[in-house]
Number of protein chains: 2
Amino acid sequence: MTTADTTMTRLADWAGDLDACPVRQVLDRIGDRWSLLLLLTLKDAPQRFNALGRAVPDISRRMLSTTLKTLEADGLIWRSVEATTPPAVTYGLTPRGLSLIDALGPLMEWAITQTPAILADRRRAG
Amino acid sequence: MTTADTTMTRLADWAGDLDACPVRQVLDRIGDRWSLLLLLTLKDAPQRFNALGRAVPDISRRMLSTTLKTLEADGLIWRSVEATTPPAVTYGLTPRGLSLIDALGPLMEWAITQTPAILADRRRAG
DNA sequence: CTGGATCCACCAGGATACTG
DNA sequence: CAGTATCCTGGTGGATCCAG
């Protein structure tokens with residue numbers, strides 16, 4: 001058995017309201033350019049706002065702010081404010097966020113091993 | 001050990017050219033609205049162009065065509081033409097495409113189990 | 001039936017400037 | 001330091017028409 005037959009992965013199971021399909025739910029969450037990158041950065045250790053900006057160099061402050069807010073609203077990261085002046089705001093993974101990264105392990109391993117062959121095929125296909 | 005420590009998941013490993021990071025490679029591939037949905041549909045059985053369009057009702061013909069072409073160029077699906085009139089074109093998963101679905105199993109399982117709690121949190125957060 | 005070509009609307013997201 | 005507000009652009013993708 002090579003396929004994930006134990007999970008509900010057939011579209012037919014969600015016919016009629018595809019937007020409720022977990023596949024779309026999760027892709028809408030982490031399929032954007034920044035969410036997963038930020039989660040992986042926070043996996044190493046909790047970090048502050050500007051440190052995250054430096055860890056993901058090509059993210060704008062606007063997207064850093066909005067993406068963090070979404071991740072927090074979804075319970076994937078926590079946000080802690082020290083009311084010093086200037087304030088120090090720290091972000092970190094929640095258990096749920098960590099469990100998401102765990103669930104992504106096989107996918108990332110697949111990406112690492114398969115990407116070279118895919119790029120070769122793509123060049124061949126034009 | 002709950003984290004996927006055996007895979008190279010830290011951004012620091014790809015500092016300097018984030019675009020080569022496998023995380024981005026795979027998200028650029030399946031992070032769009034349609035690719036994964038089509039792969040899952042083809043998991044059940046090879047299918048023809050219009051059958052795929054009916055299985056994913058809200059996809060436009062344009063996106064169906066372009067997405068299938070990308071998936072084929074990446075070696076995730078195959079394309080077979082019967083030169084009848086009118087022609088019959090069938091698409092199906094390649095072994096590589098199947099291995100990608102396998103790698104996505106844990107993520108989809110996570111999505112199914114966690115989505116309800118996430119939606120509840122999101123409502124609470126506003 | 002299986003697409004390609006063209007046009008166009010929408011919006012994600014960058015740049016910039018400002019605030020507590 | 002940690003954001004917010006505004007403006008604006010580039011690309012994604014739908015609609016439509018055409019073709020083999």
Side-chain angles (χ1 to χ4, degrees), chain A residues 18-19 23-39 41-42 45-74 77-92 122 125-126, chain B residues 18-19 23-39 41-42 45-74 77-92 122 125-126:
Chain A
L18 281 178
D19 284 336
V23 177
R24 283 211 173 154
Q25 290 290 334
V26 71
L27 280 184
D28 284 349
R29 190 162 338 284
I30 63 161
D32 65 279
R33 192 161 181 74
W34 308 116
S35 293
L36 183 50
L37 251 21
L38 289 174
L39 288 175
T41 302
L42 289 173
Q47 293 187 49
R48 295 183 37 187
F49 186 86
N50 281 340
L52 285 168
R54 266 170 270 128
V56 187
D58 50 352
I59 193 173
S60 67
R61 254 202 323 281
R62 189 174 106 91
M63 286 316 293
L64 181 55
S65 176
T66 63
T67 304
L68 288 171
K69 198 173 297 184
T70 299
L71 292 174
E72 188 198 0
D74 286 355
I77 64 174
W78 48 260
R79 177 179 185 273
S80 167
V81 184
E82 266 189 278
T84 54
T85 50
V89 181
T90 306
Y91 296 88
R122 197 184 301 175
Chain B
L18 281 179
D19 284 336
V23 177
R24 282 209 173 156
Q25 289 291 333
V26 73
L27 280 184
D28 284 348
R29 190 163 339 284
I30 63 161
D32 64 279
R33 191 161 184 73
W34 308 116
S35 293
L36 183 50
L37 250 20
L38 289 174
L39 288 176
T41 302
L42 289 175
Q47 293 187 50
R48 297 190 27 197
F49 186 85
N50 281 341
L52 286 168
R54 265 170 274 136
V56 188
D58 50 352
I59 192 173
S60 67
R61 264 211 308 289
R62 188 174 108 90
M63 286 317 292
L64 181 55
S65 176
T66 62
T67 304
L68 287 172
K69 195 174 297 182
T70 300
L71 292 173
E72 189 198 359
D74 286 355
I77 64 174
W78 49 259
R79 177 179 185 271
S80 166
V81 184
E82 265 189 277
T84 55
T85 51
V89 182
T90 306
Y91 296 88
R122 198 185 301 175

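A note on names: the letters A, B, ... follow the listed sequences, proteins ahead of strands, and every chain is numbered from 1.
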ask   = After noting the C-alpha distance and the side-chain angles of B:Leu52 and B:Leu68, does the key distance pass the side chain to side chain contact (heavy atoms under 4.5 Å, CB included) rule?
value = CA-CA 10 Å; B:Leu52 286 168; B:Leu68 287 172; 4.0 Å; yes
ask   = What's the verdict on side chain to side chain contact (heavy atoms under 4.5 Å, CB included) for B:Thr70 and B:Asp32, showing C-alpha distance, side-chain angles and the deciding distance?
value = CA-CA 12 Å; B:Thr70 300; B:Asp32 64 279; over 6 Å; no
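For the pair A:Pro46 and A:Thr90, the tightest heavy-atom approach, listed with the atom from each and the gap, is CB-CG2, 3.9 Å. Among all heavy-atom pairs drawn from A:Leu27 and B:Gly31, the shortest one is CD2-CA, 4.4 Å.
Look at A:Arg48 and you'll find a side-chain N or O under 4.0 angstrom from OP1 or OP2 of D:dA2. Between A:Tyr91 and D:dG3 there is a side-chain polar atom (N or O) within less than 4.0 angstrom of OP1 or OP2.
With values rounded to the nearest 0.5 angstrom, A:Ile30 atom CD1 is found 10.5 Å from A:Leu71 atom CG. The CG atom of B:Leu64 lies 11.0 Å from the CZ atom of B:Arg54; values are rounded to the nearest 0.5 Å. Separation of atoms CZ (A:Arg33) and CD1 (A:Ile59) is listed at 10.0 Å; rounding is to 0.5 Å.
When the P atom of D:dG11 is taken as reference, atom CG of B:Asp28 falls 15 Å away, rounded to whole Å.
The span of DNA chain C lying next to chain A, judged by atoms under 4.0 Å from heavy atoms, is bounded 5' to 3' by C:dG13 to C:dG20.
Both A:Ile59 and B:Phe49 lie close to DNA chain C; mapped to their nearest nucleotides by heavy-atom distance, the more 5′-ward contact belongs to B:Phe49.
Of all the residues in residues 60-71 of chain B, B:Ser60, B:Arg61, B:Arg62, B:Met63 reach under 4.0 Å from DNA chain D with at least one non-hydrogen atom.
Salt bridge status for B:Asp58 with A:Arg24: present, with a side-chain N to carboxylate O gap under 4.0 Å.
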